[in-house]
Number of protein chains: 2
Amino acid sequence: MDTARQPDLTRQDILDAAFCEIHRCGFQAASIANILANTGLTKGALYHHFPTKQALGLAVIDEVIRGRLEGLIFKPLRESERPVEMLLEIIATIDRKVPSDFVMLGCPLNNLMQEMSPLDEAFKERLGGVLGVWQKTVEGALKRGQKQGEIRAEVDYKAAALFVVSAWEGCIGVAKSMQSPKAFSICMKQLHGYVQGLMTAKAEKGRHKGG
Amino acid sequence: MDTARQPDLTRQDILDAAFCEIHRCGFQAASIANILANTGLTKGALYHHFPTKQALGLAVIDEVIRGRLEGLIFKPLRESERPVEMLLEIIATIDRKVPSDFVMLGCPLNNLMQEMSPLDEAFKERLGGVLGVWQKTVEGALKRGQKQGEIRAEVDYKAAALFVVSAWEGCIGVAKSMQSPKAFSICMKQLHGYVQGLMTAKAEKGRHKGG
DNA sequence: ACACATCCATACCGGTTGGTATGTAATGCG
DNA sequence: CGCATTACATACCAACCGGTATGGATGTGT
């Protein structure tokens, strides 16, 4: 039946619409009424599945944002046997793998971090958790690369990972504020160069043959 | 007289309080009532000096934020005869020259860009203007450094400048979301390394003697 | 001293906000 | 089948929002 009750599907619809609205307007400016208008549902549905607006926001982080980053970045990076190559490839191709409105509207994770981390402890924890996974994943990639002799031994891979993630978010942020996908590409290319600069001469040379 | 009327001082009080409130809550969540409560003034004063909340926000950008960046970064960078040294020094010491709440609350410019650029054309223009000055200033420093033989000839100084500014904002942003001044220092040190990587071997070597 | 513009305070307004109380229809279970 | 629980819709609320209309106090030019 078409109009049958499907609570978890309803819940997902709300989550998706909330993600979209938050992505466009930020969390605080996100309107419950707008979210519901985009789903065709009403407040009864929303407040049945989520006790407060904050809980809805946290669920968006855990179930939507984290999931997307997981599939797009974390998982490939963890599972690759040549993590440095994979990191470079992701950085080089991310501008084509992501819908263009993700440059115009910014990284959903970064947007929320900037807005909510100083204001709400719960948000800060969840967002910091996702960011921490990102950082640890890059860290692991660099560490493994160091063991494989692709990353120079003297590189502080923890600091480098922190910087990669920071610069990454910075590139999206500036490109967003310029409303320019082109600036994003240029910027990420420089980040690509930074990571290459961490590599041993041998590994860097061999890369071009392999690629 | 103490309670005498001083319109431009009143205006400045409003601007300062607005800057502070916006820095804490963002522009949209910034409450006119809060701003006024912190000044002891009322709406009559505010709407006498500024026609709308948007105009107040734009004035904060032009008169407060731009001024601070000008004094802290732009001016030293423009006026130095050894711009690359100066850029490195600013990057290395910025974490000590700025009050700690600027890490906890983020860069006021970046905060507003992330929040408002996709939403409001006027904001996007003003913010983009300030960001453009920043970018051009770094660009000029790198370009002059190239002429002086400190920056390698093959470096794309425009792209590098864009990346420096992006990574810079990214470092503040991530440090803010972690609520960690320490992370900011670590991150900026990596950016310092990136800029050093743009230098010629000779210039980089001479730097440690000179410093 | 008078007229007038500037400067600011007070009171008020319609609209929107997140949240709730109530009602009702569908579903799962014994 | 009967009943309790789940899953929503509807109507409503106080609080707050940015903005305005009005009025009075303070200079300022003449």
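Because the structure is a prediction, the values reported are computed rather than measured. Labels below follow one simple rule: chain letters A, B, ... track the order of the sequence lines, proteins then strands, and each chain is numbered from 1.
In this structure, A:Lys53 forms a cation-pi arrangement with A:Phe27, its terminal cationic atom sitting closer than 6.0 Å to the ring centre and no more than 45° off the ring axis.
Remark: B:His49 is not in phosphate contact with C:dT6, judged by side-chain N or O atoms under 4.0 Å from OP1 or OP2. Under 4.0 angstrom from either OP1 or OP2 of D:dC17 there lies at least one side-chain N or O belonging to B:Ser31.
Residue contacts shown for A:Ala30 are limited to sugar-phosphate atoms, with no base heavy atom under 4.0 Å away. At the heavy-atom level, A:Leu41 lies under 4.0 Å from the strands shown only through sugar-phosphate atoms.
To the nearest angstrom, C1' of C:dG18 lies 14 Å from CD of A:Glu21. When the P atom of D:dC17 is taken as reference, atom CG of B:Leu46 falls 13 Å away, rounded to whole Å. For the pair B:Gln28 CD and C:dT16 C1', the computed distance is 14 Å after rounding to whole Å. For the pair A:Lys53 NZ and C:dT16 P, the interatomic distance rounds to 15 Å; values are reported in whole Å. As a whole-Å value, the separation of A:Ile32 CD1 from D:dC13 P is 20 Å. Rounded to whole angstrom, the span from the NZ atom of B:Lys43 across to the C1' atom of C:dC13 amounts to 10 Å. A:Ile14 places its CD1 atom 12 Å from the P atom of D:dA7, with the value rounded to the nearest Å. In this entry the distance linking CG of B:Leu36 with C1' of D:dC17 reads 13 Å, nearest Å.
For B:Thr42, counting side-chain heavy atoms from C-beta on, the closest listed nucleotide (C:dA9, D:dC8, C:dC8) is C:dA9.
Residue order along DNA chain C, read from the 5' end via each residue's closest nucleotide, puts A:Ala33 first among A:Ala33 and A:Gly44. Between B:His48 and A:Tyr47, the residue whose closest nucleotide on DNA chain C is further toward the 5' end is B:His48.
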When you look at B:Leu41 and B:Leu46, which way does the side-chain contact (heavy atoms from CB on, under 4.5 Å) test go after all the steps? CA-CA 8 Å; B:Leu41 299 167; B:Leu46 197 157; over 6 Å; no

After noting the C-alpha distance and the side-chain angles of B:Asn110 and B:Lys176, does the key distance pass the side chain to side chain donor-acceptor pair (under 3.5 Å) rule? CA-CA 11 Å; B:Asn110 194 40; B:Lys176 167 187 169 187; over 6 Å; no

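Aromatic ring centres of A:Tyr194 and A:Phe163 lie closer together than 6.0 Å.
Two residues are said to be in side-chain contact when any heavy atoms from C-beta on lie closer than 4.5 Å; A:Met178 and B:Gln135 meet this criterion. Side-chain atoms of A:Met116 and A:Gln28, non-hydrogen and from C-beta on, do get closer than 4.5 Å to each other.
DNA chain C contains the following stems of three or more consecutive Watson-Crick or G-U pairs, with both distances under 3.5 Å: C:1-6 with D:25-30, C:8-30 with D:1-23.
Between B:Glu63 and B:Arg11 there is a salt bridge, since at least one side-chain N of the basic residue sits less than 4.0 Å from a carboxylate O of the acidic one.
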